[in-house]
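In what follows, a structure is listed as structure tokens, so that the remarks can point back to it.
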Amino acid sequence: MSRLAPALLLLAAACARTAPVNNPSPAVDPLSLAAPYLDSMVVLDSASPGAVVGISVHGRHYFHASGHLGAGVPEAPDSSTVYDLASLTKVIGLTTAMMIAVDEHRIELDAPIQRYVPAFQGKSKEQVTVRHLLTHSSGLPAWRALYRQATSRADAYALADTTPLDTLPGTRFVYSDLGAIVMAQALESVYHERLDSLLHRRLFGPLGMDDTRYLPPDCWIPRIAPTENDPWRGRTLRGEVHDENAARLDGVSGHAGLFSSARDLLHFGDWLLEGLGSHDSSAAYVWPPPPTSERRFVIRQDIPEGSSRALGWDTPSGLSSGGKYISRDHSFGHTGFTGTSIWIDPTRDLVIVLLSNRVNPTRDNDRWGPVRRNVADRVVEALEGRRSQVAGR
């Protein structure tokens, strides 16, 4: 077999479409209230060109799509439409890989990150642990324009590793993309392979998440929702990662870069619920067991004190994007800049996925934030027969 053969087989597999799972319908349609609201926000209020909401209740999946794929792209989205996940990459990919690494004793949560990334150097950096990075309490700043300062993936890593801390580790919460970039290096170091290959081999492939990957192939483009008309790259992005720093990292990073569909993310959420012992699925899935360390990762850490962060994941607080009904003590979730979110409530065996491309054609759009909360609230209201208390249409 030639050296090209394995790559061609992988590409062929990536371009193959799989049929969605058709689970039996429950007595109550969980989207009966959310679907009209989402239509109104997408079609009438232009909060996003289009969106797909996916709900898993006891393993039964529901989908509703609104709008169209993007500006100038009239086709309608559906459960297999692929969206740029943005920061959902941090939990779907990076955090799950960290769970696996902790399970396999390759990485220790309270070890200094320098054990795995010796290039992470600077004042007080020897005090930064893996746990600090996962809870965004490392002291690193939120962001740095690596894409303007580096010309290669290696250069971008070097800049991230030598960025000075703003504060002492463990003393302040600052949501940091740089911390996720450092953790990606740790995983690549202990597994001796790039993050995209690791996740395909250990997670997406075994789970049958055929719509989920970094660097989607060209044959996927017709079903990918475009993102921004990007001034840096001088074109509308479709199938290219929206985040500029992830682009400089060759499209593969711990903080951004993954693409996926609503149907894949519901499958992923069901898998996590299975690991928590709260999933009652009628579907005959065959999947590898979730990491035993999962419970440790989805519990609020209180580092620093008062933070809502679990390990990688967030938990509900204030005006949570997961709405006001989901369990404050047990739910976990995350959002992405492009207009994506996932929330998982083990007390209800419920997964809520909302995917949009609210940055198309421009990121100057602040209408999407309340949509996440209101969709989640209307789902729970429908399931539990609550009278709708959600503002808006």
Do Ser87 and His334 come close enough that some side-chain heavy atom pair is under 4.5 Å?
yes

Next item on the list: Output yes when Glu193 and Arg201 qualify as a salt bridge under the 4.0 Å nitrogen-oxygen rule, no when they do not.
Entry: yes

Note: Thr163 and Leu140 closest approach over all heavy atoms is O-CD2, 3.8 Å

Task: His61 and Phe63 aromatic ring geometry - parallel, tilted or perpendicular at 30°/60° bounds - done: perpendicular

Salt bridge (Lys or Arg N to Asp or Glu O under 4.0 Å) filter on Asp345, not counting sequence neighbours, yields Arg348

Answer with yes or no whether the side chains of Ser197 and His200 bring together a donor and an acceptor at under 3.5 Å.
no

Next on the checklist: Any salt bridge linking Arg378 with Glu384? Criterion: basic side-chain nitrogen under 4.0 Å from a carboxylate oxygen.
Outcome noted: no

Students should find that the hydrophobic cluster of Trp343, defined by side-chain heavy atoms under 4.5 Å apart, otherwise consists of Ile326

- With a 4.5 Å heavy-atom cut-off, do Leu165 and Lys123 have their side chains touching? no

Looking only at heavy atoms, the pair that brings Leu249 and Arg153 closest together is O-NE, 3.0 Å

Under 3.5 Å side-chain donor-acceptor pair for Thr292 and Asp103: yes

In short, Pro30 meets Leu383 closest at the heavy-atom pair CB-CD2, 3.7 Å

dist Ser293:OG -> His105:NE2 (nearest 0.5 Å) comes out at 9.5 Å

Applying side chain to side chain contact (heavy atoms under 4.5 Å, CB included) to Ala256 and not counting sequence neighbours gives Asp243, Ala246

Yes or no on side-chain hydrogen bond (donor to acceptor under 3.5 Å, both in side chains) for Asp84 and His242, after CA distance, side-chain angles and deciding distance? CA-CA 7 Å; Asp84 183 330; His242 177 256; 5.5 Å; no

Interatomic distance, CD1@Ile342 vs CD1@Ile352, rounded to 0.5 Å, equals 10.0 Å

Any salt bridge between Arg144 and Asp177, counting N to O under 4.0 Å? no

Would you say the side-chain atoms of Thr89 pair up with the backbone N or O of Gly254, donor to acceptor, closer than 3.5 Å? no

For a side-chain contact (heavy atoms from CB on, under 4.5 Å) check, start with the C-alpha distance between Arg238 and Val73, then their side-chain angles and the critical distance, and finish with the verdict. CA-CA 11 Å; Arg238 192 173 185 186; Val73 188; 3.7 Å; yes

Any side-chain donor-acceptor pair under 3.5 Å between Asp270 and Ser56?
yes

So do Leu237 and Pro226 actually touch side chain to side chain, heavy atoms under 4.5 Å?
-> no

Exercise. So, Tyr325 versus Glu381: side-chain donor-acceptor pair below 3.5 Å or not?
Worked result: yes

Can Arg235 and Glu240 be said to form a salt bridge (charged side-chain N to carboxylate O under 4.0 Å, His left out), step by step? CA-CA 10 Å; Arg235 58 184 176 273; Glu240 295 179 76; 2.8 Å; yes

_Looking only at the aromatic ring of each residue, does the gap between the centers of Phe297 and Trp313 stay below 6.0 angstrom?_
no

Contacts of Asp161 meeting salt bridge (Lys or Arg N to Asp or Glu O under 4.0 Å) (sequence neighbours excluded), chain-then-number -> none

Between Ser66 and Asp39, is any side-chain donor less than 3.5 angstrom from a side-chain acceptor? yes

Correct closest heavy-atom pair for Arg372 and Ser341 would be NE-CB, 3.7 Å

Grouping ILVMFWY residues whenever side-chain heavy atoms fall under 4.5 Å, the cluster of Tyr175 otherwise contains Phe173

Tracing side-chain contacts under 4.5 Å among Ile, Leu, Val, Met, Phe, Trp and Tyr outward from Phe337 reaches Val359

Determine, stepwise, if the pair Ser307 / Gln301 fulfils side-chain contact (heavy atoms from CB on, under 4.5 Å).
CA-CA 8 Å; Ser307 171; Gln301 298 290 297; over 6 Å; no

Taken to the nearest 0.5 Å, the spacing of Glu228 CD from Asn360 CG works out to 9.0 Å

| said: In the structure I gave you, are the side-chain heavy atoms of Leu133 and Val182 within less than 4.5 Å of one another anywhere? | reply: yes

With sequence neighbours left out, the residues meeting side chain to side chain contact (heavy atoms under 4.5 Å, CB included) with Asp314 are Ser308, Arg309

One thing to verify: whether Arg213 and Asp196 come together as a salt bridge, which I'm taking to mean a side-chain N less than 4.0 angstrom from a carboxylate O. no

Exercise for review: For residues Pro141 and Leu178, determine if any side-chain heavy atom of one lies less than 4.5 Å from a side-chain heavy atom of the other.
Suggested key: yes

Closest non-hydrogen atoms of Leu265 and Ser260, given as atom of the first, atom of the second and distance, are CD2-OG, 3.6 Å

Between Ala65 and Val52, the two heavy atoms sitting closest are CB-CG2, 4.0 Å

Would you check, one step at a time, whether the test side-chain contact (heavy atoms from CB on, under 4.5 Å) holds for Asp45 with Trp368?
CA-CA 10 Å; Asp45 284 6; Trp368 192 247; over 6 Å; no

So salt bridge (charged side-chain N to carboxylate O under 4.0 Å, His left out) across residues 46-58, not counting sequence neighbours, yields none

Taken to the nearest 0.5 Å, the spacing of Leu355 CG from Ser79 OG works out to 10.5 Å

By salt bridge (Lys or Arg N to Asp or Glu O under 4.0 Å), Arg106 pairs with (sequence neighbours left out) Glu104

Residues Thr212, Asp264; criterion side-chain hydrogen bond (donor to acceptor under 3.5 Å, both in side chains); working and verdict:
CA-CA 7 Å; Thr212 307; Asp264 261 17; 2.6 Å; yes

Strictly below 4.0 Å, N to O, side chains only: are Arg223 and Glu75 in salt-bridge contact? no

Note: with side-chain heavy atoms under 4.5 Å as the link, the other cluster members for Ile299 come out as none

By ring-ring contact (aromatic ring centres under 6.0 Å, His included), Tyr157 pairs with (sequence neighbours left out) none

ask   = Phe120 versus Gln185: any side-chain heavy-atom pair under 4.5 Å?
value = no

Residue set satisfying salt bridge (Lys or Arg N to Asp or Glu O under 4.0 Å) with Arg248, at least two apart, ordered chain then number -> none

One should read off an interatomic distance between Asp166 CG and Ser138 OG, to the nearest 0.5 angstrom, of 9.0 Å

Should Arg172 and Glu305 count as an ion pair when the cut-off is N to O under 4.0 Å? no

CZ of Phe259 to OG1 of Thr81, rounded to nearest 0.5 Å, is 13.5 Å

For Thr347 and Ser327, which I'm curious about, is there any donor-acceptor pair between the side chains at under 3.5 Å? no

- Item | Residue pair Ile107, Leu187: steps toward the side-chain contact (heavy atoms from CB on, under 4.5 Å) verdict | CA-CA 8 Å; Ile107 287 180; Leu187 287 164; 4.0 Å; yes

Classify the side-chain pair Tyr83/Asn357 by whether it contains a donor and acceptor separated by less than 3.5 Å. no

